[in-house]
Chemist: 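The structure follows.
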2 protein chains.
Amino acid sequence: MARLPVYLRCLSDLPTSQSTCSSDQLAAIAGVNPAQVRKDLSHIDARGVRGVGYDIDELRRELRHALGLIKTYGVAIIGAGHLGTALANYPGFVGWGFEVRAIFDVDPTKVGEEADGLVVEPLTDLELIVAKRSISIGIVATPSYAAQDVADRLVRSGVRSILNFAPAILRRAPGVEVRRVDLSTELQILAFHLQHA
Amino acid sequence: MARLPVYLRCLSDLPTSQSTCSSDQLAAIAGVNPAQVRKDLSHIDARGVRGVGYDIDELRRELRHALGLIKTYGVAIIGAGHLGTALANYPGFVGWGFEVRAIFDVDPTKVGEEADGLVVEPLTDLELIVAKRSISIGIVATPSYAAQDVADRLVRSGVRSILNFAPAILRRAPGVEVRRVDLSTELQILAFHLQHA
DNA sequence: TAGATTGTTAATCGATTAACAATC
DNA sequence: TAGATTGTTAATCGATTAACAATC
């Protein structure tokens with residue numbers, strides 16, 4: 001559930017002096033209701049101690065476990081433009097169990113270039129490399145018109161989780177989770193706010 | 001409201017043969033309930049015709065109007081790394097009334113570089129340029145540690161809408177809308193899905 | 001008129017929160 | 001024991017949806 005990663009991050013914002021934290025504290029940092037926190041944590045079977053709170057280290061472990069951050073996930077980025085390169089380089093992935101194992105591009109002039117320790121590989125090798133390097137998450141950073149095709153190829157290669165940055169809506173295949181980061185929608189929501197405040 | 005941009009985009013997916021569309025059609029494309037569509041549209045006073053549907057051109061106009069896409073919004077990007085450069089270049093902004101009017105960086109070696117028609121300007125000039133170029137939306141594409149400071153400076157300069165790409169949670173100031181694009185949270189949600197499906 | 005589709009009400013559903021007994 | 005805080009139930013709230021009269 002989408003609040004768990006937030007709690008996990010909030011644990012880092014706690015004073016290092018304490019080894020335990022209350023649902024109230026966590027709720028204040030996360031900006032949600034304390035009852036919400038307790039319900040979410042109880043849902044993933046993270047237990048606290050009445051009158052005391054939650055053990056921070058244990059809670060961190062339980063959150064990481066619930067989020068599947070014990071494993072390491074192989075990530076492939078498709079599209080080695082500015083965005084793809086930025087993503088390959090994104091510091092937020094490090095330490096959360098995500099490993100960018102490939103970056104692809106159709107453009108032959110880009111293939112072979114180095115992008116942050118990775119060599120850009122030809123899109124034609126997608127299926128092969130996805131299988132060989134156990135890639136389970138695909139990030140689509142191509143132009144809009146290429147996005148659906150790339151997504152289809154990822155799905156055929158066995159990828160079941162896709163993060164889409166192209167300003168295109170992808171057909172959803174059964175069993176495949178697609179999340180979309182849609183920058184113009186984000187800006188439109190901000191614009192809506194500017195008008196109504 | 002967050003579904004309006006989606007409807008707007010869906011209008012483009014309609015067959016060009018029709019000049020009118022039903023809430024059912026729109027709902028199918030947007031992946032929501034028809035009653036939802038009707039309620040949302042009625043909320044922004046976009047009226048349809050019983051037995052006929054909504055006039056597509058009129059609806060597009062009304063959606064753009066409700067979303068404030070009549071105006072042009074000045075956007076500043078802070079951070080001229082790969083991500084900032086990718087954003088300056090993002091094709092999804094064009095045609096939606098967003099105009100990137102400045103890109104800043106602290107790094108003196110980056111200042112003066114050209115990033116897609118814009119010259120990278122020194123962060124010290126932020127306040128000045130935000131005011132002079134009527135910038136109303138700020139995009140934070142800095143490293144995490146710099147994000148809060150940059151956001152504070154944007155707010156002091158009068159910016160009321162911030163899109164944050166740094167993996168940091170920003171303190172929220174009253175009247176300021178902050179939206180966060182958090183790539184590691186997105187990946188964590190995908191990882192959660194991989195585990196539970 | 002018959003068929004289609006809106007606009008809106010009322011019912012449903014789910015998510016959030018208040019409250020409190022349990023208990024450290 | 002007194003104070004704090006959990007875990008969970010029940011109440012609340014809001015959002016979604018079904019249903020249907022209005023009407024083109």
Side-chain angles (χ1 to χ4, degrees), chain A residues 1-8 10-11 13-15 17-63 65-67 172 185 189 192-193 196, chain B residues 1-8 10-11 13-15 17-63 65-67 172 177 179 185 189 192-193 196:
Chain A
M1 192 256 322
R3 270 185 307 260
L4 298 181
V6 177
Y7 298 150
L8 183 52
C10 288
L11 288 183
D13 292 348
L14 254 17
S17 53
Q18 47 184 115
S19 67
T20 216
C21 76
S22 68
S23 56
D24 262 62
Q25 258 188 313
L26 212 49
I29 302 177
V32 302
N33 184 285
Q36 185 101 267
V37 171
R38 294 200 294 278
K39 206 163 210 192
D40 290 340
L41 296 185
S42 136
H43 186 70
I44 61 165
D45 272 312
R47 303 277 135 183
V49 179
R50 286 164 206 244
V52 178
Y54 299 86
D55 182 272
I56 295 175
D57 285 342
E58 199 182 313
L59 184 53
R60 182 176 292 116
R61 239 187 331 273
E62 281 158 333
L63 282 168
H65 180 79
L67 286 165
R172 46 177 61 258
T185 300
I189 293 168
F192 186 74
H193 162 258
H196 296 81
Chain B
M1 194 248 327
R3 271 185 306 261
L4 298 182
V6 176
Y7 298 150
L8 183 51
C10 288
L11 288 182
D13 293 349
L14 253 18
S17 54
Q18 46 184 116
S19 67
T20 217
C21 75
S22 70
S23 55
D24 262 62
Q25 258 190 313
L26 211 47
I29 303 176
V32 300
N33 183 286
Q36 186 101 266
V37 171
R38 293 201 294 277
K39 207 163 208 195
D40 290 340
L41 296 185
S42 136
H43 185 70
I44 60 164
D45 272 313
R47 306 276 135 185
V49 178
R50 285 161 207 246
V52 179
Y54 298 86
D55 181 273
I56 295 176
D57 284 341
E58 198 182 316
L59 185 53
R60 181 177 290 117
R61 232 182 344 264
E62 279 158 335
L63 283 168
H65 180 78
L67 285 164
R172 48 177 60 259
E177 175 89 354
R179 292 190 65 89
T185 299
I189 294 169
F192 186 75
H193 162 256
H196 296 82

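By convention in this document, chain letters (A, B, ...) are assigned in the order of the sequence lines, proteins followed by strands, and residues within each chain are numbered from 1.
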Chemist: Can you name the nearest heavy-atom pair linking A/V6 to A/A30, along with the distance?
Modeler: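 The pair with the smallest heavy-atom distance is CG1-CB, 4.1 Å.
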Chemist: In whole angstroms, how far is the P atom of C/dA11 from the CG atom of B/N33?
Modeler: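 So the two atoms are 18 Å apart, to the nearest Å.
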Chemist: Heavy atoms from C-beta onward define the side chain here; which of D/dT8, D/dT17, D/dT5 lies closest to that of A/S22?
Modeler: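 Out of D/dT8, D/dT17, D/dT5, the nucleotide with an atom closest to A/S22's side chain is D/dT5.
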Chemist: Starting at the 5' end of DNA chain D, what dot-bracket string do you get if Watson-Crick and G-U pairs under 3.5 Å are bracketed, crossing pairs use [ ], other-strand pairs use | and unpaired bases use dots?
Modeler: ..||||||||||||||||||||||
Chemist: Starting at CD of A/Q36 and ending at P of D/dA11, how long is that distance when rounded to a whole Å?
Modeler: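 Checked: the CD to P distance equals 19 Å.
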Chemist: Could you give the CD-to-P distance, from A/Q18 to D/dA4, as a whole number of Å?
Modeler: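 Value for this atom pair: 16 Å.
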Chemist: What integer distance in Å separates B/Y54:OH from C/dT5:P?
Modeler: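 Atom OH in B/Y54 sits about 12 Å away from atom P in C/dT5.
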Chemist: Less than 4.0 angstrom from a charged side-chain N to a carboxylate O is my criterion; do A/R38 and A/D40 meet it?
Modeler: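 Judged by the 4.0 Å cut-off on N to carboxylate O distance, A/R38 and A/D40 do not form a salt bridge.
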Chemist: Could you check how far CZ of A/R38 sits from P of D/dG7, rounded to whole Å?
Modeler: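 In whole Å, D/dG7 P and A/R38 CZ are 8 Å from each other.
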Chemist: Is there, by distance only and without an angle test, a donor paired with an acceptor across the side chain of A/R50 and the base of D/dT6 below 3.5 Å?
Modeler: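 A donor-acceptor contact between them is present.
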Chemist: In whole angstroms, how far is the P atom of C/dG7 from the CD atom of B/E62?
Modeler: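 Rounded to whole Å, this separation is 10 Å.
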Chemist: A/H43 has an atom NE2; how far is it from atom C1' of D/dT6, in whole Å?
Modeler: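 The answer, rounded to whole Å, is 18 Å.
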Chemist: Closest heavy-atom contact between A/P34 and A/S23?
Modeler: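 Taking every non-hydrogen atom into account, O-CB, 3.9 Å.
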Chemist: Working to the nearest 0.5 Å, report the span between CD of A/E58 and CZ of A/R47.
Modeler: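 Going from the CD atom of A/E58 to the CZ atom of A/R47 covers 11.5 Å.
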Chemist: Do side-chain atoms of B/R60 reach the backbone of B/L8 as a donor and acceptor pair under 3.5 angstrom?
Modeler: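 Absent.
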Chemist: Only one of B/L14, B/V49, B/V52 forms a side chain to side chain contact (heavy atoms under 4.5 Å, CB included) with B/T20, so which one is it?
Modeler: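 With B/T20 as partner, side chain to side chain contact (heavy atoms under 4.5 Å, CB included) holds for just one option, B/V52.
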Chemist: What is the distance, rounded to the nearest whole Å, between atom CG of A/D24 and atom C1' of D/dG7?
Modeler: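 In whole Å, D/dG7 C1' lies 14 Å from A/D24 CG.
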